[in-house]
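Taking it in order: structure first as structure tokens, then the write-up.
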Amino acid sequence: MSTGAKDYDFAKIEPYWQRYWVERKTFRAEDFSEKPKYYVLSMYPYPSGNGLHMGHAINYTAPDILARYKKARGFNILQPMGWDAFGLPTEQYAIQTGTHPRIVTQRNVETFRSELQKLGFAIDWDREVNTTDPDYVKWTQWIFLQLFKRGLAYVDDKPVWWCPALGTVLANEEVIDGKSERGNHPVERRKLRQWVLRITAYAEKLLRGHQRLDWPRSSLKLQRNWIGKSTGAEVTFRLLGLPGEELRVYTTRPDTLFGATYMVLSPEHPLVDNVTTEEHRQAVENYRRVASRKSDLERTDLAKDKSGVFSGGYAINPVNEERIPVWIADYVLMSYGTGAIMAVPGHDERDFEFAGKYDLPIRKVIENDETAAGGLSTELPYMGDGTMVNSGDYTGLRSGEGKAKIVADLANRQMGSPSVQYKLRDWLFSRQRYWGEPFPVTWVSLEDYQKVRASEHNPLQEFLPENPVSYEENGRVLCALPVAESQLPLELPEVESYQPIGTGESPLAGVDHWLQVWLNVDTGETVPKSENPPTEGNWIPGSRETNTMPQWAGSCWYYLRYCDPHNPEALIDPELDRYWGVPDFYIGGSEHVTLHLLYARFWHRVLYDAGIVSHPEPFPKLLHQGIILGEMEFTLFLNPEGNPVSAPLGGREEDFQRRQLRADEVEKSGDNWVWKENPEIIVEGRSHKMSKSRGNVVNPDLLIRNYGADATRMFLMFLGPIEDSKPWNTQGIEGVARFLRRLWREVVGKDGSINRKLTDAPEQNEDLEKLLHHTIRKVTRDNERLHLNTVVSQLMILLNRMQKTPSYSRETAKTFLQLLNPFAPHISEELWKRLGEAPSINDAPWPAFDPAKLVRRKDTVVVQVNGKVRGELRLPKGAAREDAQNAAQALPRVQANLQGKSIAKIIFVPGRILNIVAR
RNA sequence: GCCCGGGUGGCGGAAUUGGUAGACGCUGUGGACUUAAAAUCCAUUGCCCGUGAGGGCGUGCGGGUUCAAGUCCCGCCCCGGGCACCA
């Protein structure tokens with residue numbers, strides 16, 4: 001049954017079919033179907049209180065079209081949806097209102113689900129996952145224990161962002177330019193005990209894995225740079241007067257070793273105290289103190305001006321026994337390489353600058369071959385390769401050879417070795433928050449830990465790492481015991497307040513009955529310590545971890561759970577893992593390349609190495625959508641006297657007042673927008689990111705109400721290539737809305753019956769049939785490439801033609817609906833039914849084009865004279881060169897343009913172009 | 001500073017990868033229908049010259065290759081995004 005509506009009443013049609021699809025489970029993904037599978041995934045949303053925004057709408061529409069198209073192509077489609085539901089805004093809201101985050105989350109999820117359903121997505125809602133569900137948390141914790149067991153999780157004192165005004169620790173993404181995102185308060189670095197994941201152990205695998213990924217080139221590059229592999233050597237310098245000590249430095253340029261004129265230790269380097277002489281101790285202490293107080297911001301942004309202090313000590317260059325002064329400077333970072341460098345000011349920009357400032361010697365040891373060939377001497381600093389000079393026995397060697405030879409010689413003397421370094425840091429994996437996954441560990445004393453370790457059979461053994469994870473607190477060593485699998489998930493306790501407790505610890509630190517437990521080492525069970533100590537069994541005291549996991553944890557593996565969302569026994573059933581595997585297509589924002597996408601690849605690779613999943617990479621094919629910007633805004637600038645001035649202002653924008661102008665108050669003049677009132681004044685015209693504070697947000701819900709989901713979907717796709725960010729323009733939706741209304745009238749007559757122009761006979765109109773087959777081909781090809789904007793154009797072209805054709809076949813109309821269906825599924829389904837088709841249009845196989853129908857009997861050949869178009873010929877297919885030439889030269893316009901010239905040659909591309917070159 | 005993208009009408013964009021630049025749509029203009037509005041339909045809409053047929057210019061700028069360049073090569077400019085003392 002169709003809706004029976006006479007007009008194109010999308011408000012009636014759309015909910016009708018949405019209900020139909022849900023009730024029929026039209027889009028259920030079938031486990032183990034005969035059909036080939038196709039798994040389409042878009043990054044799941046964080047269900048915020050604001051509901052769906054335009055970004056969501058566009059992000060989920062493109063994959064939905066792909067899914068519906070692939071379904072018609074005969075694939076068994078998996079298009080799931082879920083919720084990244086742990087997160088700070090929910091917790092913040094809980095703090096403000098006292099509402100439990102679980103309640104808030106549930107409410108938001110319901111809003112999101114219903115808004116997504118209003119867009120008519122072909123989602124299998126039976127597979128919905130929510131990262132905050134205890135059933136889901138269980139497996140997040142279980143994966144954490146897999147990492148823990150493999151020594152990939154540890155605790156360390158790490159500097160984190162602390163916001164004194166808010167009394168809490170902030171995540172990196174909550175800090176913008178040294179201020180808190182919320183409230184704009186200053187933040188500072190503070191050292192706190194943190195869980196850290198050893199992603200650096202996987203640096204090489206993550207790098208290698210890129211080879212099999214079909215990702216945007218820029219994203220691969222970004223990730224590669226983020227991992228930042230560099231190859232070089234570690235070189236050992238002895239220290240003058242300190243026989244037992246060695247100073248190890250990392251360098252990528254061992255060929256410049258003879259150019260080292262000083263050494264630099266990072267202020268945090270453990271050898272600083274030893275190297276420093278009494279005479280310089282005070283200066284060094286002062287310098288270290290100042291450096292330690294500097295925030296990262298000052299050490300990076302503001303530290304263009306390098307500073308340092310001489311330690312008084314000297315190192316011995318292993319290649320020539322030269323005495324080299326050792327400096328302390330904070331342009332060397334403790335966290336990279338060995339935290340110490342040999343400075344080669346002749347061939348390193350930073351060292352050059354430093355040497356200039358402190359008047360240290362600069363020595364040339366590499367000659368630039370290019371300038372040398374021109375008879376010029378190499379200008380320093382010179383960073384490139386070349387020929388070694390002033391380098392003892394190595395003089396005359398090319399940089400490449402020199403590197404290898406010096407490293408080999410040093411290695412022979414145990415004074416150096418080849419070395420590989422990565423910029424990638426271990427992953428700070430804990431937050432001092434309530435609304436996150438608790439860490440499934442229990443802290444116990446070293447003695448108790450050793451007891452558990454020694455005992456043969458107990459459920460805690462399964463996840464025990466080879467080396468204990470431990471830290472010292474008040475002189476007591478505590479070790480982390482994993483929670484037994486049977487006890488997972490470890491759920492969050494109820495708390496009275498979600499307010500941070502001000503010490504930098506999470507609200508969990510205040511929940512004693514949850515925090516302090518008795519742990520039964522034979523069963524893994526726990527009871528609150530506040531209860532009477534159990535008398536039976538083998539119980540030890542322990543305390544839980546107060547940190548929780550960051551939001552990334554749940555998103556590192558959600559794509560796996562969709563394949564087997566309700567399995568209580570396993571993260572994913574091995575059979576289902578083999579069948580569905582990983583997404584065939586993953587769509588999401590490029591802002592996630594160095595965080596989510598890297599983290600998830602890491603977790604996945606660990607699971608692969610553990611034999612839990614069968615594919616080494618989680619996202620073989622990736623696409624980023626661009627962001628939707630607000631509508632173009634025009635800004636007129638007024639100087640402090642209130643007079644309009646031309647943009648761009650150059651420099652101090654804050655001195656100027658801004659006035660928003662309407663689009664009809666400006667006009668284009670050359671490359672600029674100018675003010676109509678005074679066209680001398682250039683106005684700024686640009687689109688800004690949609691944001692609440694700018695007030696330029698357009699809500700998809702409003703569009704759906706005014707134009708329907710079909711029009712909204714089509715317009716979002718029509719806007720431009722999905723990868724591009726593009727400005728919004730609400731007016732533009734009229735175009736697709738008209739298109740849909742016109743389509744309706746093509747099929748449905750005024751009285752609600754089928755339009756009489758549709759015939760039952762096969763298509764008689766040859767031109768229309770040709771265009772139809774051309775459209776099938778183009779739509780098919782562009783769907784595959786996700787060039788969805790041009791699909792909409794092509795469908796418009798076809799409908800325009802249909803409208804102008806007095807009568808055509810019902811088959812033509814049906815094929816049109818099928819091509820349209822992925823984009824505008826509601827109207828397609830409705831009209832499909834009206835045409836008497838059953839069952840759902842979604843069960844109809846994708847139309848095939850007939851190449852025979854595309855063959856043209858005549859070719860159109862463009863005629864040019866000297867590359868300029870002067871006419872057009874309609875020639876029989878495969879016309880000979882001579883015929884084309886004769887016909888072309890007969891054209892009056894061609895003759896006119898050949899007047900007084902002689903033909904030099906004639907280019908003929910059959911079926912395409914004929915170019916007469918004449919002088 | 002370095003690394004990625006990208007510059008095509010008033011606007012969003014298209015162009016089978018070297019072969020008619022501006023498809024499709026929005027906006028604007030003129031018209032039809034209507035008491036009116038909405039909706040719909042028709043024409044027109046890159047710039048300049050010309051009543052017209054037609055001609056010239058034109059894909060950020062300058063050069064080059066080619067019968068032919070939005071597309072390829074060299075050198076710049078501008079915009080967007082990412083990274084930022086990584087030795």
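Computation of the quantities below employed the complete heavy-atom set of this structure, encompassing side-chain atoms and omitting hydrogens, waters and symmetry-equivalent molecules. First the proteins, then the strands, lettered A, B, ... as listed; each starts at 1.
For the side-chain contact (heavy atoms from CB on, under 4.5 Å) test, residues two or more places apart in sequence or in another chain that qualify with S725(A) are I627(A). Contacts of V309(A) classified as side-chain contact (heavy atoms from CB on, under 4.5 Å), with partners at least two apart in sequence or in another chain: A283(A), V284(A), Y287(A), I328(A).
For rU16(B) and rG28(B), the C1' atoms lie 33 Å apart once the distance is rounded to whole Å. Here the separation of rU34(B) from rU51(B), taken at their P atoms, is 38 Å to the nearest Å. Rounded to whole Å, the separation between the P atoms of rG64(B) and rG25(B) comes to 40 Å. Only the C1' atoms considered, rG7(B) is 29 Å distant from rU44(B), to the nearest whole Å. rG12(B) and rG56(B) have their C1' atoms separated by 29 Å, given to the nearest Å. For rA43(B) and rC49(B), the P atoms lie 27 Å apart once the distance is rounded to whole Å. Using atom P as the reference point in both rC57(B) and rG70(B), the two lie 13 Å apart (nearest Å). One P atom belongs to rC76(B), the other to rA68(B), and the distance between them is 27 Å to the nearest Å.
Residues from residues 416-427 of chain A lying near RNA chain B, meaning a heavy-atom separation below 4.0 Å, are K423(A), R425(A) in numerical order.
In this entry rU40(B) has rA32(B) as its Watson-Crick or G-U wobble partner, both defining distances falling under 3.5 Å. Across all strands shown, rC76(B) pairs with rG60(B); the Watson-Crick or G-U wobble distances both stay below 3.5 Å. Using N1 to N3 plus N6-O4 or O6-N4 for Watson-Crick, or N1-O2 and O6-N3 for G-U wobble, each under 3.5 Å, rG12(B) pairs with rC24(B).
Distances from the side chain of K221(A) to the nucleotides rA14(B), rA87(B), rC3(B) place rC3(B) closest. With distances taken from any side-chain atom of E734(A) to the nucleotides rG19(B), rG25(B), rC26(B), the minimum falls on rC26(B). Closest contact between the side chain of Q731(A) and the listed nucleotides rA14(B), rA87(B), rC26(B) involves rC26(B). When distances are taken from the side chain of T790(A) to each of rA14(B), rU20(B), rA87(B), the shortest belongs to rA14(B).
Under the ring pair (Phe, Tyr, Trp, His ring centres under 6.0 Å) rule, Y331(A) has a single partner from F352(A), Y358(A), F354(A), which is F354(A).
The number of heavy atoms from other shown groups lying within 6.0 Å of CZ (R217(A)) does not exceed 12.
In this entry the distance linking CG of L597(A) with P of rG82(B) reads 15 Å, nearest Å. The CD-P distance, from Q794(A) to rC24(B), rounds to 10 Å in whole Å. With rounding to whole Å, I628(A) atom CD1 is found 16 Å from rG80(B) atom C1'.
Looking at which nucleotide of RNA chain B each of W226(A) and M342(A) is closest to, the 5′-most match is held by W226(A). Nearest-nucleotide positions on RNA chain B place K726(A) closer to the 5' end than the other of L222(A) and K726(A).
Put simply, N789(A) has no side-chain N or O that comes within less than 4.0 Å of OP1 or OP2 on rA23(B). The phosphate of rG5(B) (OP1 or OP2) has a side-chain N or O of R217(A) nearer than 4.0 angstrom. For S230(A), a side-chain nitrogen or oxygen approaches OP1 or OP2 of rA87(B) to under 4.0 Å.
A side-chain hydrogen bond (donor to acceptor under 3.5 Å, both in side chains) check over residues 334-345 of chain A, counting only residues at least two apart or in different chains, returns the pairs S230(A)-Y336(A), S335(A)-R425(A).
Base orientation at rG28(B) is anti, since its O4'-C1' glycosidic dihedral falls outside 90° of 0. For rU51(B), the glycosidic angle deviates from 0 by more than 90°, giving an anti base.
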Donor-acceptor pairs under 3.5 angstrom involving side-chain atoms of residues 730-738 of chain A: please list them, not counting sequence neighbours.
from: T730(A); atom 1: OG1; to: E631(A); atom 2: OE2; distance (Å): 3.3
from: T730(A); atom 1: OG1; to: W728(A); atom 2: NE1; distance (Å): 2.6
from: E734(A); atom 1: OE2; to: Y707(A); atom 2: OH; distance (Å): 3.1

Protein heavy-atom contacts under 4.0 Å, written 5' to 3' over nucleotides 40-68 of chain B as B (base), S (sugar-phosphate only) or - (none), form the string SS-------------SSS---------BS

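Side-chain contact between R224(A) and I227(A): absent, with no pair of heavy atoms (C-beta onward) separated by less than 4.5 Å. Using a 4.5 Å cut-off on side-chain heavy atoms (C-beta onward), L622(A) and D214(A) make no contact.
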For H624(A) and E723(A), run side-chain hydrogen bond (donor to acceptor under 3.5 Å, both in side chains): C-alpha distance rounded to whole Å, both residues' side-chain angles, the deciding distance at 0.1 Å, then the answer.
-> CA-CA 6 Å; H624(A) 303 305; E723(A) 310 88 301; over 6 Å; no

